[in-house]
Each structure stands twice: as structure tokens, then as C-alpha cells.
Amino acid sequence: KQWYQRRVAITAGRETLADVLFKQFSVVGIMMTPALPLALIPIGTPTGLIVNVGYHDTSVICVYEGMIILQSYLTVELGTHAHLMAIQRMISESGTVQVGNESKKASELYGEFDLSVLEDIRARTCFCGER
């Protein structure tokens, strides 16, 4: 029932938007499409597995020839925030800093890092390489 209500609300919103665009702005035409298949356009294929990593959760869905396979949709409550907390934990547990000739634990010198620092560490060190 919730899925149906959501679909009706989305459809009503699209119809309202189309009505405003045609009547108020005199557009010639519009195309409304689900956002997920659009992620495949830059790689030039209509078929693929889309992995969307959000801040709190990650979702995965299959798209075949531009059509979303709804049965393949999967979401897990593991996102960027969990990744940042794992980086913080690794630094706290085993990170060291060389001060002169002495090695000290990073947690003793810095405590906990701000999220912006952790995001910077993630951006500079965690990436997917080519095959």
C-alpha cells in the first residue's frame, strides 16, 4: 500500500510539474525518466549494476537494457558514515605519529578527528582502481 501511495504522489508531482512547464514556460517538450538508469550513460551501456553509497546506507539495483529490475533492489544500513567511523577507529587503535625520535599514539596527540578530516583522509586514500 505504501509503495502504491508513493507512486501516486510521484505521478501527481510529475503531472503538476509538466503542467507548469507547458503552460507557464511554454516548453516544447520534456522527458522524465528514473534517475538510476541515467548512471549508466557515461559508460555507454544500458545494462549494469548500480551501487549507490549514501551517508547512512548503500543500495544496489540491476538495470537491464534501460529497465530497472525491481526484484534485484537491495539496501543495507552501511554507508559513508560507517566507513568514516572505521577510519577513526583504525587511527585510534593503531595510528602512530613520529615526534622527533619518539613514536606516539595518534589518539593521545589528536583525540578524535572532525568529520571533515576523516572525509579528507577517505578521499585521498580510499579509491577503486582499474581492473
Side-chain angles (χ1 to χ4, degrees):
K1 186 176 179 180
Q2 286 180 328
W3 178 84
Y4 177 75
Q5 290 173 341
R6 185 171 173 234
R7 175 60 71 192
V8 169
I10 290 171
T11 302
R14 286 182 183 167
E15 289 174 358
T16 302
L17 177 62
D19 192 46
V20 168
L21 289 172
F22 284 121
K23 290 181 179 175
Q24 298 296 321
F25 297 102
S26 301
V27 297
V28 177
I30 58 172
M31 181 180 123
M32 294 185 189
T33 182
L36 290 173
L38 297 178
L40 298 173
I41 289 174
I43 59 173
T45 182
T47 301
L49 181 68
I50 298 172
V51 180
N52 181 15
V53 181
Y55 192 71
H56 290 291
D57 60 1
T58 299
S59 58
V60 180
I61 195 159
C62 295
V63 176
Y64 179 74
E65 295 297 323
M67 301 296 292
I68 298 169
I69 311 299
L70 289 176
Q71 295 85 348
S72 70
Y73 182 76
L74 173 70
T75 185
V76 292
E77 293 182 15
L78 186 66
T80 303
H81 184 260
H83 193 220
L84 296 175
M85 294 302 101
I87 293 170
Q88 175 69 55
R89 190 173 53 255
M90 287 189 289
I91 291 171
S92 296
E93 292 172 0
S94 58
T96 58
V97 177
Q98 193 73 28
V99 181
N101 293 332
E102 192 178 347
S103 184
K104 295 187 177 186
K105 289 192 69 134
S107 59
E108 293 173 6
L109 293 174
Y110 300 108
E112 289 194 7
F113 291 105
D114 290 334
L115 282 178
S116 61
V117 173
L118 295 171
E119 287 172 355
D120 188 51
I121 292 169
R122 182 180 62 91
R124 293 171 187 255
T125 60
C126 304
F127 61 92
C128 296
E130 295 181 19
R131 289 190 210 180

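It should be emphasised that the depicted structure is a prediction, and the values quoted were computed from it without experimental measurement.
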Trace of the side chain to side chain contact (heavy atoms under 4.5 Å, CB included) decision for I121 with I91:
CA-CA 11 Å; I121 292 169; I91 291 171; 3.8 Å; yes
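- Residue M67 is found outside any hydrophobic cluster, as its side-chain heavy atoms come under 4.5 Å of no other Ile, Leu, Val, Met, Phe, Trp or Tyr.
- A single hydrophobic cluster is not seen to contain both I69 and L74; linkage of ILVMFWY side chains at heavy-atom distances under 4.5 Å, directly or through other members, places them apart.
- Note on residues 24-38: no pairs pass salt bridge (charged side-chain N to carboxylate O under 4.0 Å, His left out), not counting sequence neighbours.
- Annotation: side chain to side chain donor-acceptor pair (under 3.5 Å) contacts of D114 (sequence neighbours excluded): none.
- With sequence neighbours left out, A86 forms a side-chain contact (heavy atoms from CB on, under 4.5 Å) with R89.
- Listed by chain and residue number, T96, Q98 satisfy the side-chain contact (heavy atoms from CB on, under 4.5 Å) test with S103 (two or more places apart in sequence, or in another chain).
- Applying the ring pair (Phe, Tyr, Trp, His ring centres under 6.0 Å) test to Y110 and every residue at least two apart in sequence or in another chain returns F113.
- With values rounded to the nearest 0.5 angstrom, D120 atom CG is found 12.5 Å from L115 atom CG.
- The side chain to side chain donor-acceptor pair (under 3.5 Å) analysis of residues 72-88, with sequence neighbours excluded, yields the pairs Q88-S92.
- S94 contributes atom OG, which lies 7.5 Å from atom NZ of K105 (distance to the nearest 0.5 angstrom).
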May I have the list of side-chain donor-acceptor pairs in residues 38-64 shorter than 3.5 Å, sequence neighbours left out?
from, atom 1, to, atom 2, distance (Å)
T45, OG1, T47, N, 3.3
T45, OG1, T47, O, 3.2
T47, OG1, E65, N, 2.9
T58, OG1, L78, O, 2.5

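- In this structure F25 satisfies the ring pair (Phe, Tyr, Trp, His ring centres under 6.0 Å) test with no other residue, sequence neighbours excluded.
- M90 is linked by a side-chain contact (heavy atoms from CB on, under 4.5 Å) to I87, counting only residues two or more places apart in sequence or in another chain.
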